[in-house]
> 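The structure's right below; bear with me while I get my questions together.
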There are 2 protein chains.
Amino acid sequence: MNNRNSSVTLRDVAAATGVDVSTISRVLQNKGRVSEETRTRILETAERLGYHGNPVARALKTAKSSTVLMVVPQIENPIFASAIIGAEIEARSRGFALLVSYDKGDGREIISDISRSSIIEGVIIASFDDDDRLRQVLKSTDLPHVVLNRHLSGDENCVAIDTRLAARMGVEHLIAMGHRRIGHLAGRLGRFNGDMRRRGWEEAMAAAGLDHGDDLVAQAGYSPDEVPAAVDKLLAVGVTAIHAATLLTAAAAIARLHERDVRVPEEVSVVTMHDDLLARVVYPQVTTVALPSQEMGRVAARRLIDLIQGVTPDGTQPTGNLLLPPDELIVRASVTAL
Amino acid sequence: MNNRNSSVTLRDVAAATGVDVSTISRVLQNKGRVSEETRTRILETAERLGYHGNPVARALKTAKSSTVLMVVPQIENPIFASAIIGAEIEARSRGFALLVSYDKGDGREIISDISRSSIIEGVIIASFDDDDRLRQVLKSTDLPHVVLNRHLSGDENCVAIDTRLAARMGVEHLIAMGHRRIGHLAGRLGRFNGDMRRRGWEEAMAAAGLDHGDDLVAQAGYSPDEVPAAVDKLLAVGVTAIHAATLLTAAAAIARLHERDVRVPEEVSVVTMHDDLLARVVYPQVTTVALPSQEMGRVAARRLIDLIQGVTPDGTQPTGNLLLPPDELIVRASVTAL
DNA sequence: TCACTATGGACAAACGTTTGCTCAAGCAAT
DNA sequence: ATTGCTTGAGCAAACGTTTGTCCATAGTGA
């Protein structure tokens with residue numbers, strides 16, 4: 001019907017070279033035996049005609065679409081934004097296209113929805129923070145998949161960042177700077193990353209022989225709203241430093257400290273993890289452990305495509321969860337020595 | 001080869017109903033005349049068998065893939081992140097899938113790249129801030145397209161937000177609060193949005209009979225790095241308020257003011273546009289004109305799909321650039337009355 | 001009753017590939 | 001000289017749809 005420009009087909013090349021389409025196809029795939037002479041002739045005409053193949057036809061024939069889907073919860077979270085970029089870069093470099101779908105988390109069956117309207121070979125799932133629901137979704141499809149940004153017990157294909165280690169690094173920095181009473185402004189406890197970060201804080205505190213009781217942790221989730229109360233709670237127990245679960249809550253904590261006329265970092269230091277522009281536009285600029293969020297997306301895509309293709313580049317079947325180490329601590333102005 | 005579960009085909013339904021595949025196809029499309037009896041019988045078996053059609057086969061036959069591509073520069077910019085979501089929501093509701101591709105801006109031919117590996121019916125372009133390059137890219141393909149986040153002279157399918165009006169609204173608020181000497185912390189002048197915002201500031205100032213000379217505008221681009229110097233420049237000419245081009249530069253400006261021991265908003269008020277979490281985690285929380293960034297993505301997708309389908313829902317051929325009005329001014333703490 | 005038109009549905013071609021099979025040469029071995 | 005193997009390439013089927021064409025059957029008017 002509405003033929004796009006790119007409508008030079010195998011048949012056209014065949015006609016132009018006086019050779020059968022099947023031969024062309026084989027040459028283009030480097031499959032089967034073809035004389036050197038015909039091969040170059042074909043390659044030349046294909047090039048000259050601007051032949052590029054029809055991905056849809058190929059997909060129909062081979063049942064491989066070279067397309068993967070990434071389902072994200074709220075893309076606004078900068079960590080997912082970078083993860084998408086990372087995934088897209090990796091996917092593209094492997095000849096795959098990346099479909100992105102937004103999951104409002106309202107229980108819609110995104111995946112079957114999508115795989116109904118478009119053929120995908122696999123899916124990267126970053127949404128569904130309800131483990132049970134995620135398992136259920138995963139079970140409802142037999143698509144290759146990888147779970148992003150957390151580890152799901154019972155699943156072998158999860159890619160996450162070692163936020164426990166990142167937390168430890170941040171807290172250890174605080175300790176090295178002489179802090180002894182360090183509060184943990186927790187994310188969502190009970191969730192993978194929330195728990196990991198708390199454990200990291202705990203480990204660092206324990207290793208230094210410091211108090212890490214419950215009164216030193218205040219949960220604030222991931223939105224700014226609960227931060228003020230949590231900060232107040234920490235202030236009440238006399239912390240000299242706060243380890244915030246996320247950059248956003250760190251910023252909110254700093255804002256609260258200003259509000260309470262507590263000077264940062266002179267009276268209270270703040271450290272967190274994840275580095276982006278935000279860390280440089282709050283005052284004082286925040287000391288933070290950079291996280292490989294783009295790399296996480298890249299690795300997830302790599303694993304997914306390995307899974308789809310059945311092997312890793314080195315020939316072995318990929319398996320096991322991945323935990324990416326954090327990048328380094330970036331020292332800015334929100335922490336001071338005691 | 002590797003048949004996914006969803007392999008119940010038209011033929012299967014045909015076999016189960018004892019009717020030809022063509023009839024099934026017509027029933028499923030509501031095309032052609034089919035007796036009520038066969039129709040329901042077909043519908044039932046299709047349902048029972050879980051038939052959902054093969055999008056690839058359909059795409060091959062009809063030359064319509066129901067897939068569009070969105071090319072983004074840096075997705076980290078929250079405005080693009082929301083735009084992607086908006087576009088995805090609209091696309092999905094119209095039965096389209098959204099492919100996302102990241103353009104590092106290194107001159108790679110993303111579009112031909114992608115349309116080579118996957119068939120797309122149209123593209124939303126948010127990258128290429130070089131107008132000439134964009135025009136060239138657009139010319140190199142005859143795909144339906146819409147340009148996002150700016151207007152490109154000579155193109156009829158651009159969707160942007162009226163940042164000029166947003167700027168005016170912000171500045172007018174400042175004026176209403178009694179400010180007279182208001183500096184403009186500009187984005188990138190020479191670019192669509194940078195110019196628009198400056199004009200908005202100018203218009204508001206002019207309308208109030210206030211000074212809007214060049215010494216009152218300081219360019220800072222969109223990254224925090226150039227902000228301190230620009231703020232210093234504005235401080236030097238004695239402004240009591242700053243209108244920042246973006247939320248990020250507003251935050252950076254506030255940070256600089258703190259650094260210079262200038263109290264916000266008591267000594268200098270700050271207003272900007274775009275609302276997201278960031279506006280609530282800096283101290284003081286920033287007064288800002290909310291921008292319909294998700295809506296922009298939605299509208300872009302709508303226009304693109306209208307273009308692809310040749311008509312708008314009401315039957316007329318879509319045409320003309322779109323300029324979305326800003327949402328409302330959100331009053332927070334960064335502005336005070338003089 | 002006969003020709004004629006709706007109606008409902010079957011047939012088959014086509015979309016652009018991939019791939020198993022077949023087959024003609026060419027060549028070496030018997 | 002006949003057989004047998006290798007090499008190169010063509011033939012045709014298939015992937016799962018959509019759609020133009022054709023053909024029965026039934027219903028209409030005369």
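Within every chain, numbering begins at 1; the chains are lettered A, B, ... in the order of the sequence lines, protein sequences first and strands thereafter. Computation of the quantities below employed the complete heavy-atom set of this structure, encompassing side-chain atoms and omitting hydrogens, waters and symmetry-equivalent molecules.
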> Quickly work out the B/I24 CD1 to C/dC11 P distance and round it to whole Å.
13 Å
> What pairs meet the salt bridge (charged side-chain N to carboxylate O under 4.0 Å, His left out) rule with one or both residues in residues 32-46 of chain A, with sequence neighbours excluded?
A/E37-A/R41
> Rounded to whole Å, how long is the line connecting atom CG of B/D12 with atom P of D/dG16?
8 Å
> When you measure only distances, ignoring hydrogens and angles, does the side chain of A/R26 come within 3.5 Å of the base of C/dG20 through a donor and an acceptor?
yes
> Assign A/S25 to base, sugar-phosphate, or nothing according to its heavy-atom contacts below 4.0 angstrom with the strands shown.
base
> So which nucleotide from C/dG9, C/dT18, D/dT17 ends up closest to the side chain of A/L10?
C/dT18
> Using a 4.0 Å cut-off on heavy atoms, which residues in residues 14-23 of chain B reach DNA chain C? List them by number, or say none.
B/G18, B/V19, B/D20, B/S22, B/T23
> Do A/S25 side-chain atoms and A/T23 backbone N/O form a donor-acceptor pair below 3.5 Å?
no
> Over how many whole Å does the gap from B/L28 atom CG to D/dT18 atom P extend?
8 Å
> Can you tell me if the side-chain N/O atoms of A/K61 get under 4.0 Å from OP1 or OP2 in C/dG16?
no
> In whole angstrom, what separates A/N54's CG from C/dA14's C1'?
14 Å
> Would you confirm whether B/N321, through its side chain, and B/D155, through its main-chain N or O, come within 3.5 Å as a donor-acceptor pair?
yes
> Is A/T38 near enough to D/dA9 that one of its side-chain N or O atoms lies under 4.0 angstrom from OP1 or OP2?
yes
> At under 4.0 Å, does any side-chain N or O of B/T9 touch on OP1 or OP2 of D/dT17?
yes
> Can you find a heavy atom in the side chain of B/V100 that is under 4.5 Å from one in the side chain of B/I84?
yes
> Between A/S35 and D/dA9, is there a contact of a side-chain N or O with OP1 or OP2 at under 4.0 Å?
yes
> Quick one: B/K64 NZ to D/dT17 P, roughly how many Å, whole number?
18 Å
> Is there a donor-acceptor pair under 3.5 Å between the side chain of B/S127 and the backbone N or O of B/V72?
no
> Check whether any side-chain N or O of A/R11 sits under 4.0 Å from OP1 or OP2 of C/dC15, and answer yes or no.
yes
> Begin with the C-alpha distance, continue with both residues' side-chain angles, and end with the deciding distance and a verdict on side-chain contact (heavy atoms from CB on, under 4.5 Å) for A/V19 and A/T38.
CA-CA 8 Å; A/V19 102; A/T38 5; 4.1 Å; yes
> Only pairs at least two apart or in different chains count here, so list each salt bridge (charged side-chain N to carboxylate O under 4.0 Å, His left out) that has a residue in residues 22-31 of chain A.
none
> If I take atom CZ in residue B/R33 and atom P in nucleotide D/dC23, what distance separates them, rounded to the nearest angstrom?
21 Å
> So, is A/Q29 close to the C/dT17 phosphate, meaning a side-chain N or O under 4.0 Å from OP1 or OP2?
no
> Measure NZ/A/K31 against P/D/dT7 and give the value in whole Å, please.
19 Å
> In whole angstrom, give the distance that lies between atom CG of B/L60 and atom C1' of C/dC15.
4 Å
